[in-house]
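Notes follow the structure.
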Amino acid sequence: MSSNRILGYNNTAPSLIIGACSGLSTAVCSMRHAVQCEGVEQQGASLMSAQQAYAELTLSAASRRKERSLLAKIYKKFRRMLRIMYRALELFSIATPLLLLYPFAREDGLNADNNAENHPFQIKEWWLQMCLRSVERAGAAVIKLMQWASSRPDLFGVQFSNVFSKLQDHTTPHAWEHTCCKMAEAYGEDWDKKVEIGEVIGSGCIGQVYKGSLLTEGADEVNEQPIAIKVMHPGVKSAIDADLELLHFAVYMVDKVPFLFKGLQWLNLNGVVDEFAAMLKLQLDFRIEAENLNFFNKNFAGDDNVSFPKVLSSFEPTSEVLLESFCAGKPIAEFVEEHKHDEKMLKSMCDAGIKTMCKMIFDHNFIHGDLHPGNILISEKDHKFIFLDAGIALEYSEADHDLIVNILMSFIRMDGERAGRLMIADSNDRTQCSDEAAINELSYVQRIKEICDAANSSDFFMDDLGHYITQIVDAGAKHHVMMNQAFVSIMLAVKVQEGVALMLSREANVMTTAIPIITQYELRRKMGQAVRT
């Protein structure tokens with residue numbers, strides 16, 4: 001019995017031990033699970049806290065970037081205003097002595113007119129020379145405007161044009177060291193083994209041109225091919241940027257204070273300044289000029305009346321250096337003076353020049369925008385026009401080109417009524433957002449028709465062209481017809497060409513030369529429209 005009890009005891013003990021272990025295991029698992037859940041919760045809380053902190057940091061960084069961006073904008077505007085003020089003060093300091101001395105120069109000029117034989121023009125001539133030096137100090141933008149003005153003796157006087165014609169190709173040249181530096185940057189330190197640079201043959205508002213030689217080794221000797229080397233003046237880019245900012249600020253003030261500048265808003269000054277700025281900036285990269293020269297050479301290939309320099313393919317142009325073929329010729333002013341008695345030849349050359357300009361406007365839609373006399377040579381061998389300095393080329397959208405062509409064709413055909421209606425329609429399209437439609441439209445159309453009729457009755461159409469353009473602008477201001485900047489820019493080019501035409505012949509017949517080209521253009525345009533439809 002005792003043995004059975006002992007055996008019974010021994011059978012029950014393992015069960016109790018196993019049960020106890022199982023309970024303990026369950027408790028441990030429960031505790032571990034609880035700890036794990038608590039850890040997960042803590043990890044989740046930590047993760048959420050980290051994400052929240054990251055979001056706050058990101059928001060803080062974005063806020064700091066926004067603040068920095070705002071400060072940068074404020075600093076940029078402040079710096080721009082300082083630059084404009086400094087440039088305005090600089091120009092004011094240059095112009096003030098000229099304005100103070102102007103009454104004396106004007107009185108001297110009047111005395112000279114009344115007593116031309118005994119008066120030596122001393123004060124006025126001295127004042128004009130002072131103006132010339134001041135314009136050179138004023139920078140490229142002012143020089144460019146005076147270059148165009150000097151080509152118009154009919155508007156500003158012969159004495160003025162004689163003095164300021166120096167700006168067309170004889171401004172003060174920059175230092176030789178600057179040229180060497182730019183040549184080394186463009187073509188390596190050994191550039192002088194490939195190119196030999198000679199004398200300065202022209203210096204304008206953007207750069208200066210040397211006559212040089214391209215050195216090539218032959219079988220027994222070194223051959224020298226004549227070339228032209230064009231190098232940009234130092235500091236010209238920053239000076240032009242400052243001038244353009246000042247111009248834009250002036251236009252902004254005109255828009256904001258219209259009652260002080262009544263009528264000026266209808267000249268579309270914003271568009272005109274933008275167009276002028278775009279033209280000037282085109283000249284700040286000689287690679288653009290190289291492309292323009294390639295286009296002009298292609299457009300006028302085989303033409304007997306005009307030629308352009310050719311870019312040297314072996315020397316890749318840079319923004320500040322351009323190598324091109326050398327074109328031998330005589331400046332147009334000198335050529336005309338030498339041949340002034342051969343009126344028949346000069347008249348023929350004038351017609352050829354008008355024909356060339358009409359081709360650019362109507363045929364090619366690619367117009368040389370800087371054809372003042374300083375950029376035109378005449379080949380003494382065949383009396384061919386040589387057009388230089390092709391940095392400014394005017395090219396318009398299809399819509400603007402069609403508008404310009406239609407208006408010009410209307411004027412040339414003496415259909416002033418159609419020209420007036422075209423300008424009104426274009427103005428109303430561009431001002432419809434501001435509810436500034438043209439006023440007294442019939443009166444404006446009648447005024448344009450009168451201007452056109454006056455031009456038709458004039459014996460010397462080219463002699464009065466500038467006056468007619470001024471009347472068109474005045475009529476636009478009176479009747480709230482905003483001028484299209486594309487039309488204004490091409491009128492500026494035409495006015496410059498008018499000066500060249502007057503130099504060659506005062507009996508230029510624009511209509512006889514232009515109408516056949518216009519007719520051909522119209523036929524091609526109609527055929528193109530028929531093909532598209």
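Note that the numbering runs from 1 along the sequence shown for the chain.
A donor-acceptor pair under 3.5 Å links the side-chain atoms of N297 to the main chain of P309, judged by distance alone. A donor-acceptor pair under 3.5 Å is absent between the side-chain atoms of E196 and the main chain of L215, judged by distance alone. S348 contributes no side-chain N or O that, together with a main-chain N or O of K344, makes up a donor-acceptor pair within less than 3.5 Å. When atom types are taken as modelled, the side chain of S427 and the backbone of M423 share no donor-acceptor pair closer than 3.5 angstrom. Between the side chain of N375 and the main chain of L371, no donor-acceptor pair closer than 3.5 Å is present. Looking only at distances, no side-chain donor or acceptor of D426 sits under 3.5 Å from a matching main-chain atom of L403. A distance-only check finds a donor-acceptor pair linking the side chain of S203 to the backbone of T171 [under 3.5 Å]. Formation of a donor-acceptor pair under 3.5 Å by the H368 side chain with backbone atoms of D389 is found in this model.
Between the NZ atom in K340 and the CZ atom in F335 there is a gap of 14.0 Å [rounded to 0.5 Å]. Here the straight-line distance linking atom SG of C131 with atom CH2 of W126 works out to 9.5 Å at 0.5 Å rounding. Going from atom CE of M349 over to atom CD1 of I332 covers 6.0 Å, rounded to the nearest 0.5 Å. Taken to the nearest 0.5 Å, the NZ atom of K211 stands 11.5 Å off from the CD1 atom of I227. Here the CD1-CG distance, from I123 to L128, works out to 12.0 Å after rounding to the nearest 0.5 Å. Considering CG of L293 and CD1 of I288, their distance stands at 12.0 Å, rounded to 0.5 Å.
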Q) After noting the C-alpha distance and the side-chain angles of F308 and C327, does the key distance pass the side-chain contact (heavy atoms from CB on, under 4.5 Å) rule? A) CA-CA 8 Å; F308 295 83; C327 297; over 6 Å; no

**Q.** Intermediate values then yes/no, ring-ring contact (aromatic ring centres under 6.0 Å, His included), F295 and H364
**A.** CA-CA 10 Å; F295 272 112; H364 304 153; over 10 Å; no

Q: Using the side-chain contact (heavy atoms from CB on, under 4.5 Å) rule, take Y102 and L98 through it: C-alpha gap first, then chi angles, then the decisive distance, then the call.
A: CA-CA 6 Å; Y102 173 72; L98 303 176; over 6 Å; no

Q: Dump the intermediate steps for side-chain contact (heavy atoms from CB on, under 4.5 Å) on I367 and M357, then the final yes or no.
A: CA-CA 8 Å; I367 307 133; M357 194 65 183; 3.6 Å; yes

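The two residues G369 and L394 come nearest to each other via the heavy atoms CA-CG, 4.2 Å. Considering every non-hydrogen atom in both N292 and G391, the closest pair reads ND2-O, 3.4 Å. Counting all heavy atoms, side chain and backbone alike, P97 lies closest to M130 at CB-CE, 3.7 Å. Here the closest non-hydrogen pair linking D285 and M232 is N-CE, 4.2 Å. Between I386 and A328, the shortest heavy-atom distance links the atoms CD1-O, 3.5 Å.
Inter-residue side-chain proximity for D402 and E398 is flagged as met; some heavy-atom pair is nearer than 4.5 Å. A 4.5 Å side-chain heavy-atom check between V163 and E125 finds at least one atom pair inside the cut-off. The closest side-chain heavy-atom distance from I206 to F286 is below 4.5 Å. With a 4.5 Å cut-off on side-chain heavy atoms, L91 and L246 count as touching. Between M146 and I143 the shortest side-chain heavy-atom distance does not fall below 4.5 Å. Considering only heavy atoms from C-beta on, W191 comes within 4.5 Å of C180 through its side chain. Counting only heavy atoms from C-beta outward, the side chains of E245 and R87 never approach each other to under 4.5 Å. Side-chain atoms of Q208 and T179, non-hydrogen and from C-beta on, do get closer than 4.5 Å to each other.
Annotation: cation-pi geometry not satisfied between K194 and Y187 (NZ/CZ under 6.0 angstrom from ring centroid, within 45° of ring axis). Relative to the ring axis of F300, K359 does not place its NZ or CZ within 45° and under 6.0 Å from the centre.
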For a quick test of your reading: what N or O donor-acceptor pairs under 3.5 Å do the side chains of residues 310-320 make, sequence neighbours left out?
from, atom 1, to, atom 2, distance (Å)
T318, OG1, E320, N, 3.3
T318, OG1, V321, N, 3.0
E320, OE1, K182, NZ, 3.1

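Within a 6.0 Å radius of NZ in K281, other residues, nucleotides and ligands contribute 12 heavy atoms or fewer. Heavy atoms of other residues, nucleotides or ligands lying less than 6.0 angstrom from CE of M85 number 12 at most.
Y396 pairs with exactly one of N365, I361, V405 by the side chain to side chain contact (heavy atoms under 4.5 Å, CB included) rule, that one being N365. When each of H233, R133, E136 is checked for a side chain to side chain donor-acceptor pair (under 3.5 Å) with T172, only E136 meets the rule.
Salt-bridge annotation for D241 and K237: absent, with no side-chain N of the basic residue lying under 4.0 Å from a carboxylate O of the acidic one.
Between F387 and F385, the angle of the ring planes lies from 30° to 60°, which puts this pair in the tilted group.
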